[in-house]
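First the structure, in the form of structure tokens, and then the observations on it.
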Amino acid sequence: MADDKKITTRAANYGEWYLDIVNRAGLAENSDVRGCMVIKPNGYAIWEKMQRGLDGLFKDTGHVNAYFPLFIPKSFFQKEEAMAEGFAKECAVVTHYRLRSVNGKIEVDPEAKLEEELIIRPTSETIIWNTYKSWIQSYRDLPLLINQWANVVRWEMRTRLFLRTAEFLWQEGHTAHATGKEAEEETLRMVRVYQKFAEEWMAMPVLVGPKSEGQKFPGAVYTLCIEAMMQDGRALQAGTSHFLGQNFAKAFDVEFTTEEGKREHAWATSWGVSTRLIGGLIMTHSDDNGLVVPPRLAPIHVVICPLGKSEAERKPCVEAAEKLAQAIRELPRDDFYGYQPIVVKIDNDTKNMPGHRFAEWELRGVPVRVELGPKDMEKNACVLARRDIPGKEGKTMGVPMAEAPAKIDALLRDIQKNLFERAKKFRDGAMRTANSYDEFKKLIEEPGFIWAHWDGTRETEDKIQEETKATIRCIPFDGPTESGTCMVTGKPSAKRVVFARAY
RNA sequence: CGAGCUGUAGCUCAGCUUGGUAGAGCGCUUGGUUCGGGACCAAGAGGUCGCAGGUUCAAAUCCUGUCAGCUCGACCA
């Protein structure tokens, strides 16, 4: 019965633990629509924070937002062969545009069949490049730096809340450039933006570098990624940035006149991150007491719990809570908080025991909790509890009320820093090196990433995946540069790459 | 899409083998006692047993179909 209140521990069952967090923290639930989730207010609030942070970074790097259609005519979709093939097996298709009522039953009207089927976008390169054709005439129209916030559909068989659902929310940047060099610079710039967001907002350390040929986006020349390690040692692709070369410009006939008066195809990039980041956030920081959210993404930064067993005892606590909340809201705003006020909530629950209330707020991941009881009133002080250190160890007693707002501000910044450092230490501690295929096979059974030499071929990568279920997650830019020989074929290898089992 | 398992109260599940008209715990409501780490007592509300057929005097229970979910495989942000 007491166990009913606790969530499954990570050690007992990591998958159950994840589901418990998503449920109990009110982030999302499965809907009655196959493969589709409902994102609940607490989860959506995190997404809104992510959107705000990312959107600011996109604007800072010169991008603007626009919106393109959900439906893509099949003929557009077909034009870039590699991409069409890559997504063919997971597309939802609209074939009719009308229903009719027959004997009180609604059915698809066979008279209303579309002449050309519409694909629900799995990604928008085709519809966007079809549009760019008319927007790009001259080198003066370039670069074109556009982002869209949208939903996309990829018809997945097996889904997991946030990590893989048939419909998900994301942003997709689609840029056009006059030269390949510029487009490549953009590809790199945006993966670095993702790295910055992951590390500084999400407090989630990531590896940055190209994907292998086998793991890249269909239609791309190459794909750069940020790759994160979850607490169970598995990898999560958290964001990708693609150099598309002139593939889409050629497919959609997007030509412009250069300064020299020559006609040339435009160069392209695309890049995206999705609500999957929320799954990554959960599996990077949360613990057996529930969700842990870094302050920069927390929907609520501070919760104040007035205590007291009688109305007479509680009243001064509530008044002090309101005063404190106001003082916190009036703290100077800066970039750390996105120039927004700190969000403070007063917990007016009079029904449940204090311990129950504390546990509930920990479950929901609020970074700082303030406890205000009769004993604090006597001393004109309060108790601060930090979520990154659960239970009594994370509490500071007797903080004078006058100092509390500044202490809370400092605490929030410290939690943000601590979460990143803790996650980085964990990640670095689970990075191993394998020097032979036998050693690799042994190591891959343990959680974590593995540095290993690989000959650069698709065949070897496929063989490794088939035999060990591990894939090449990333070829990190700042990894060791030592050369060696492929652990499988013995052929030369310029540098080690990172293998892992992935979500 | 292949294999296995599961659908009964808001949630977790018992009941099904051997058909007889619906149960528990948690949660919820009300009252009382509690209250600085997940309190307790009492009363109460809440279910077309996933859905559709079939067998039967009678189906949560047996049979057929169907839908959904979970686990494992192939695919993916």
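Each chain gets a letter, A, B and so on, in the order the sequences are listed, and its residues count up from 1. Owing to the predicted nature of the structure, the values given are computational and were not obtained by experimental measurement.
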Can you tell me how far [atom2] of [N] sits from [atom1] of [X], to the nearest Å?
| X | N | atom1 | atom2 | result |
| --- | --- | --- | --- | --- |
| His242(A) | rC76(B) | NE2 | P | 13 Å |
| Asn13(A) | rC70(B) | CG | P | 14 Å |
| Glu393(A) | rG37(B) | CD | C1' | 11 Å |
| Ile282(A) | rA77(B) | CD1 | C1' | 15 Å |
| Arg24(A) | rG27(B) | CZ | P | 11 Å |
| Glu90(A) | rC1(B) | CD | C1' | 14 Å |
| Glu16(A) | rC11(B) | CD | C1' | 14 Å |
| Arg357(A) | rG37(B) | CZ | C1' | 12 Å |

At 4.0 Å (heavy atoms only), tell me whether [X] reaches a base, stays on the sugar-phosphate, or touches nothing.
| X | answer |
| --- | --- |
| Glu360(A) | base |
| Glu362(A) | base |
| Lys211(A) | nothing |
| Leu163(A) | base |
| Arg369(A) | base |

Aromatic ring pairing Trp17(A)/Tyr14(A), orientation class (parallel under 30°, perpendicular over 60°, tilted between):
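Trp17(A) vs Tyr14(A) ring planes: tilted.
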
Side chain of [X] (C-beta onward), nearest among [options]:
| X | options | result |
| --- | --- | --- |
| Met353(A) | rA77(B), rU34(B), rG37(B) | rU34(B) |
| Lys6(A) | rA77(B), rG36(B), rG38(B) | rG38(B) |
| His356(A) | rC35(B), rG37(B), rA39(B) | rA39(B) |
| Lys309(A) | rC35(B), rG37(B), rC75(B) | rC35(B) |
| Asn30(A) | rC28(B), rG37(B), rC70(B) | rC70(B) |
| Arg314(A) | rC35(B), rU29(B), rA77(B) | rC35(B) |

Modelled atom types, side-chain donor and acceptor of Thr269(A) and Thr175(A), under 3.5 Å
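On atom types as modelled, these side chains qualify, holding a pair under 3.5 Å.
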
Decide whether Thr471(A) and Arg473(A) meet the rule of one side-chain donor and one side-chain acceptor closer than 3.5 Å.
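Yes.
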
RNA chain B: 5'-proximal contact among Met397(A) and Lys469(A) (nearest heavy atom)
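Its nearest nucleotide being more 5', the pick is Met397(A).
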
Quote, to the nearest angstrom, the [atom1] distance that separates [N] from [M].
| N | M | atom1 | value |
| --- | --- | --- | --- |
| rG53(B) | rU12(B) | P | 28 Å |
| rA24(B) | rG47(B) | C1' | 14 Å |
| rG65(B) | rC5(B) | P | 15 Å |

What is the distance from atom [atom1] of [X] to atom [atom2] of [Y], rounded to the nearest 0.5 Å?
| X | Y | atom1 | atom2 | result |
| --- | --- | --- | --- | --- |
| Asn147(A) | Leu54(A) | CG | CG | 9.0 Å |
| Ile72(A) | Gln78(A) | CD1 | CD | 12.5 Å |
| Met50(A) | Leu281(A) | CE | CG | 5.0 Å |
| Ile127(A) | Phe68(A) | CD1 | CZ | 8.5 Å |

Is the distance from the ring center of Trp47(A) to that of Phe168(A) below 6.0 Å?
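For Trp47(A) and Phe168(A), the ring centres are not under 6.0 Å apart.
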
Going by number, which of residues 164-173 of chain A have a non-hydrogen atom under 4.0 Å from RNA chain B?
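Hits under 4.0 Å, by residue number: Arg164(A), Thr165(A), Phe168(A).
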
Give me the residues of residues 375-385 of chain A where at least one heavy atom lies under 4.0 Å from an atom of RNA chain B, by number, or none.
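Close to the strand are Lys375(A), Asp376(A), Val383(A).
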
Where do Arg458(A) and Glu461(A) land on the salt bridge (Lys or Arg N to Asp or Glu O under 4.0 Å) test, with the steps shown first?
CA-CA 5 Å; Arg458(A) 182 75 183 261; Glu461(A) 181 179 5; 5.1 Å; no

Using a strict threshold of under 4.0 Å (side-chain N to carboxylate O), is an ion pair present between Arg369(A) and Asp347(A)?
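Arg369(A) and Asp347(A): not salt-bridged.
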
Quiz question: going by heavy-atom distance under 3.5 Å, is there a donor-acceptor pair between the base of rG36(B) and the side chain of Lys395(A)?
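Check fails, no donor-acceptor contact within cut-off.
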
Apply side-chain hydrogen bond (donor to acceptor under 3.5 Å, both in side chains) to residues Thr223(A) and His242(A) and explain how you reach the verdict.
CA-CA 4 Å; Thr223(A) 291; His242(A) 315 292; 2.8 Å; yes

Identity of whatever pairs with rG4(B) - Watson-Crick or G-U, under 3.5 angstrom
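rG4(B) is paired with rC70(B).
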
State whether Lys89(A) places a side-chain N or O below 4.0 Å from either non-bridging phosphate oxygen (OP1 or OP2) of rC75(B).
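Indeed not, no polar side-chain atom of Lys89(A) lies that close.
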
